[in-house]
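Here is the structure we will look at.
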Amino acid sequence: MKRPFWILCLVALWGWGMTAPQQAVAQNIPEQMALAKEYLRQNDYAKAEVLLSKLIDQDVQFGLVYPDYLKTLLALRNFKEADKLVKRAQKKYPTVPAYAIDEGKVMQAAGNNTAAEKKWAQVVQTTNPENVYAIATSFQQADLLDYAEKAYLKARELSGSEKSFAPQLLQLYAYQRKTDPLIEEVLRQLKNNALPLPYAQNMLQNTLRDEESLNKLEQRLMVEVQANPDATPVQELLIWTLLQRKDFGPALLQTRALDRRTQAGGAQVLSLADISLQNKDFATAIEGYTYVMQQYKTGELYPIARQRIIQAREEQVKNTFPIDQAKIKLLAQEYEALLQEMGRSDRTAEIIKELGELQAFYLDAQAPAMKNLQEVIDMPRANPNVVAEAKLVLADVYLLRGEPWESTLLYSQVEKTHKEQPLGYEAKLRNARLSYYKGDFELAQSHLDILKLATSREIANDALDLSLLIIDNTGMDTSAAALKEYAAIDFLVFQHKYPEALTALDKLLTKYPGHSLTDEIYFQKAELLQQMGKFDEAAKNLQLIIDNPKYDILSDDALFLLAKLNEENLKQPQKAQEFYGKLLEKHPGSVFVAEARKRLRKLRGDKV
């Protein structure tokens, strides 16, 4: 049966009458929300509350309005309405843990901490392996990280596996810098083979940055290794920790023990000896190479260890002042004996190169040095890096002989063959130094500007140091006369003409009193006097730098060298401790901090 037309019209008008206001409200919601947020931005919570109290009644908008409305009610200390809001939210969405956590936040804001903690503990008790991520994430968003941890631990307990939720717990501990639980969790997962060693190392390196935390890690690992000597990952982490602290001797002790137990072939011991040598811990390097030679006499690492032990002894002699010429001659004889035993071929090219360098710079035997270096360069199957290193040394020999053009040619060859590689950068740095020695600072600077971006930190730092020296001492003095004279003295040092260099440095101090080069001159003098065995005079020059606040750039260098002089040469351990302590206090960002800490611990007799 058809309805009369007037009834249909009435129904339509009634429907329009019901929906039009709702549509109008819906159209106004974005504007009202934007206005409410503007009030919140201005901290005008009273006006924001008027708008939000109406918007919260729109069911479709509840989730969007809720956070701002709760924030507003708490800011107005309207805890009664805030409590109603969170309970309403829990009734609407009973499976969302964030609203129950918010109820605890309201209690806390009202001053009822006990009730709040009880509420959060109830939420933790509802945790299981299926819902833990939602609950823990809600606690984290509420900045209740301890309860997030409890949630993960509750879920782990229910899962029956110590491996469960390890990444989440590790991230929580690392974020909060909770040293003890982080260390324990790392150890737990390493022993369960549930955590890759590099991941553990990276997390610990990023988290444990102060001395106390590193001490805790080292002590805990020592205890664990003693209790479980077969736990290889734990022992490897201990070795890594000791290396981070530059404690190469104890690291070698652990590495040798691991090598014996696992019959690993000595590769890790050889690698640690190499690291020790690079860090100038010559005694540890020699001990490591000796172990490889004794344990693996017929292995492929034996000839490598035998060669490197001579290199380590050579570096030890070169860095023990004054240099003992008799020991230098013995080193040359060891190289010759090794070449007699192993033959002169591409396999022994590095040994021939090392012998050539020793002859040129320490035995004043340039002719045989050049012959040896050229032999390496002419070897068709020699390692390209060894050939490049031989070219760099030969270029230096030409420089000693007063033939800079030959030097430039060889440096440029290595630059070309090893472009964008450390040896190529090293060649460019030596070319820059050659220009600097000649007083062509503009050309030197053009090389150095490129090298400051080098991938090798050591080369980039050397380039930056030389660049700053040029910039600092050519800006005001347009003729750069003082720097030209200083560069010529630097060349005397390169030639190992130390007495002549010292005399020239003293003349420079008299000729240019108060010049910006003064601190550089004092430091250069200290290094030369140290190498000549005049340790008291060296210490006096370093003290001049430390006592003058104008010389702050070289202050940490001077403190470290003065501490080493007192420790190694002047045999004044108390003074050495004092200077290492001053370095750590005044220059916490210095490149010498790690080494200073290690030496200070040794002098104090610190033990794990």
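For the numbers below, each heavy atom of this structure counts, side chains included, while hydrogens, waters and symmetry mates do not. Because the structure is a prediction, the values reported are computed rather than measured.
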Task: Pair Asn215, Arg601: side-chain N/O donor-acceptor within cut-off below 3.5 Å - done: no

Task: salt bridge (charged side-chain N to carboxylate O under 4.0 Å, His left out) partners of residues 132-149, not counting sequence neighbours, each pair once - done: Asp146-Lys178, Glu149-Lys178

Open item on the list: Before we go on, tell me: are the rings of Phe560 and His587 under 6.0 Å apart, centre to centre?
Closed with: no

Any salt bridge between [X] and [Y], counting N to O under 4.0 Å?
X      : Y      : result
Lys191 : Glu224 : yes
Glu568 : Arg599 : yes
Glu595 : Lys246 : no
Lys327 : Glu314 : no

Do you know the tightest heavy-atom contact between [X] and [Y]?
X      : Y      : result
Gln530 : Ala538 : N-CB, 3.9 Å
Phe579 : Ala563 : CB-CB, 3.7 Å
Arg220 : Ile183 : CG-CG2, 3.7 Å

TODO: Measure from NZ or CZ of Lys428 to the centre of the six-membered ring of Tyr425, then state whether that distance is under 6.0 Å and the direction lies within 45° of the axis.
DONE: no

- [ ] Mind checking the CG-CG spacing from Asn202 to Leu197? Nearest 0.5 Å is all I need.
- [x] 11.0 Å

Task: Over 12 foreign heavy atoms within 6.0 Å of CZ, Arg604 - done: yes

Open item on the list: Would you say that Gln311 contacts Glu354 through its side chain, given a criterion of any heavy-atom pair below 4.5 Å between the two side chains?
Closed with: yes

TODO: Without swapping roles, check the side chain of Arg177 against the backbone of Thr207 for a donor-acceptor pair under 3.5 Å.
DONE: yes

Open item on the list: Tell me which one of Ile135, Val124, Thr127, Val132 satisfies side-chain contact (heavy atoms from CB on, under 4.5 Å) with Tyr152.
Closed with: Val132

